[in-house]
Amino acid sequence: MNRPDALNSFTVDMHRELFDALATAESDGSVRSIVLTGAGRGFCAGQDLGEASDPNGPIDDLGVHLENTYNRLVRTIRRLPIPVIAAVNGVAAGAGANIALACDIVLAGRSAKFVQSFSKISLVPDSGGTWTLPRLVGPQRARALALLGDAITAEQAQTFGLVWQVVDDTALRDAALAMAERFAALPPEGLKLTKQALDTAMETTFDRQLDIERDLQSLAGQSADNKEAVTAFLEKRAPVFKVKGKNS
Ligand code: T3D
């Protein structure tokens, strides 16, 4: 996200650019993971409030705007068949915080902050926040975060379960790229199916989830990636996975 002077707050144009980038990454089958981060000192301050309040601007009904932009974005992130890493390099406020939480793995620089700033401007947490937060932090903390709108530090966010790892600010970029390289070395089919399995887990029963695991494992077990990984293990050599895509 690249509007550093406004802490990478979202305009309609920025949404369009990010959709285009995600679509390009998805259609190029050789892309094995995505790192989402912010230019400058912030990760993302949510909606650009200047654009949202401009009577001649592109936003009229906020619900319509949400559906066309933030909802589409977080649905895309969750649906992508490859891991998405949020590298939260500074403040993540409003939708910016919840977009980070929609990603598969959240890394944070030590100076990052997470703010559900919606209550301060009389809005409802969006971009999936009311779904994601209670599942990640539990109902009491979710309510306090959403209703008070207090900023929490990267360390607190990690303690609460919002963040996988906190690293020094100067190490964040390298940590995110190192994780992306780890994903690039893993067989992609298994990662895709694992994302699918975890997506259904929070909404279903134990029995139903066992059925889902069975069906996905059946697919995984038929994949060339699984065969190559097991053969390589038995032959005590490094596996070589065939990657689809225009660059392969
Ligand atoms: O529209 C819809 O469909 C509804 C969807 C809503 C989704 C949402 O995200 S609602 C929530 C919107 N975001 C906010 O309410 C956060 C507003 N920003 C802040 O509260 C603070 O800026 C921060 C806590 C994020 C950071 O504070 P601080 O002190 O580190 O920085 P700052 O000085 O406030 O901001 C730096 C600059 O960025 C400043 O511009 P300037 O004075 O240097 O020219 C500030 O105006 C600008 N900026 C920060 N956030 C936004 C913004 N400009 C426009 N929109 C913003 N959201």
Side-chain angles (χ1 to χ4, degrees), residues 1-19 21-22 36-78 84 86-103 106-134 136-137 141-158 160 162-163 166 168-170 172:
M1 296 166 285
N2 191 11
R3 295 182 67 237
D5 292 347
L7 297 180
N8 305 314
S9 52
F10 268 96
T11 58
V12 167
D13 283 345
M14 188 168 132
H15 274 292
R16 199 174 301 121
E17 285 166 16
L18 185 52
F19 285 133
L22 293 176
L36 183 64
T37 194
R41 73 174 175 91
F43 177 73
C44 173
Q47 171 62 37
D48 184 302
L49 296 176
E51 183 181 82
S53 59
D54 179 355
N56 301 314
I59 302 172
D60 181 13
D61 181 286
L62 295 191
V64 172
H65 180 59
L66 266 191
E67 191 56 27
N68 292 333
T69 53
Y70 297 95
N71 286 1
R72 191 176 153 211
L73 174 61
V74 292
R75 283 188 175 116
T76 300
I77 289 172
R78 291 184 68 88
V84 184
V88 182
N89 55 302
V91 66
N98 294 333
I99 290 164
L101 300 181
C103 295
V106 184
L107 300 178
R110 216 164 288 286
S111 71
K113 288 192 169 47
F114 294 78
V115 200
Q116 296 290 325
S117 46
F118 305 91
S119 63
K120 294 179 185 152
I121 54 170
S122 200
L123 289 183
V124 177
D126 60 25
S127 306
T130 58
W131 189 94
T132 314
L133 271 179
L136 290 175
V137 304
R141 281 171 169 164
R143 275 172 194 260
L145 290 171
L147 295 172
L148 295 170
D150 287 347
I152 57 169
T153 63
E155 268 97 358
Q156 275 176 299
Q158 187 181 29
F160 285 4
L162 295 173
V163 166
V166 179
D168 287 341
D169 291 338
T170 51
L172 181 64

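Just so you know, ligand 1 is whichever comes first in the structure, and atom 1 is the first atom listed for that ligand. No hydrogens, no waters, no symmetry mates; every other heavy atom, side chains included, goes into these values.
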Ala93 neighbourhood, listing ligand 1 atoms whose heavy-atom distance to it stays under 4.0 Å:
25 (C)
Do you see a protein non-hydrogen atom under 4.0 Å from atom 56 (C) of ligand 1?
yes
Less than 3.5 Å between some nitrogen or oxygen of Ile59 and one of ligand 1, yes or no?
no
With sequence neighbours left out, which residue pairs that include part of residues 110-127 fulfil the salt bridge (charged side-chain N to carboxylate O under 4.0 Å, His left out) condition?
Arg110-Glu155, Arg110-Asp168
Show which atoms of ligand 1 fall inside a sub-4.0 Å distance from at least one heavy-atom site of His65.
1 (O), 2 (C), 3 (O)
Considering both backbone and side-chain atoms of Phe118, is one of its nitrogen or oxygen atoms within less than 3.5 Å of a nitrogen or oxygen in ligand 1?
no
Sub-4.0 Å atoms of ligand 1 with respect to non-hydrogen atoms of Leu62:
1 (O), 2 (C), 3 (O)
Just to confirm, does any protein heavy atom lie below 4.0 Å from atom 41 (P) of ligand 1?
no
Relative to ligand 1, is Ala45 under 4.0 angstrom through side chain, backbone, both or neither, heavy atoms considered?
both
Under 4.0 Å from one or more heavy atoms of Gln47, ligand 1 contributes atoms 1 (O), 6 (C), 7 (C), 8 (C), 9 (O), 12 (C), 55 (N), 56 (C), 57 (N)
Examine Asp126 against ligand 1 and note whether any of their N/O atoms are separated by less than 3.5 Å.
no
Indicate, as side chain, backbone, both or neither, the part of Ser9 found under 4.0 angstrom from ligand 1 when only non-hydrogen atoms are considered.
side chain
What's the shortest heavy-atom distance between Ala6 and Ala45, and which atoms?
O-CB, 4.3 Å
Atom 29 (O) of ligand 1: protein heavy atom closer than 4.0 Å?
no
Parallel under 30°, tilted from 30 to 60°, perpendicular over 60°: which one fits the rings of His65 and His15?
perpendicular
Atom 34 (O) of ligand 1 touched by protein heavy atom at under 4.0 Å:
no
Proximal atoms of ligand 1 relative to Gly46 (non-hydrogen, under 4.0 Å)
9 (O)
Heavy atoms only, cut-off 4.0 Å: how does Thr69 contact ligand 1, side chain, backbone, both, or neither?
neither
Sub-4.0 Å protein heavy atom near atom 19 (C) of ligand 1:
no
Mind running side-chain hydrogen bond (donor to acceptor under 3.5 Å, both in side chains) on Thr11 and Asp48 for me, showing each step along the way?
CA-CA 6 Å; Thr11 58; Asp48 184 302; over 6 Å; no
State whether any protein heavy atom lies less than 4.0 Å from atom 44 (O) of ligand 1.
no
Quick one: does any side-chain atom of Asn98 pair with a main-chain N or O of Gly128 as donor and acceptor, under 3.5 Å?
no
Location of contacts on Val115 toward ligand 1, heavy atoms closer than 4.0 Å:
neither
Under the 4.0 Å line, does any protein heavy atom show up next to atom 3 (O) of ligand 1?
yes
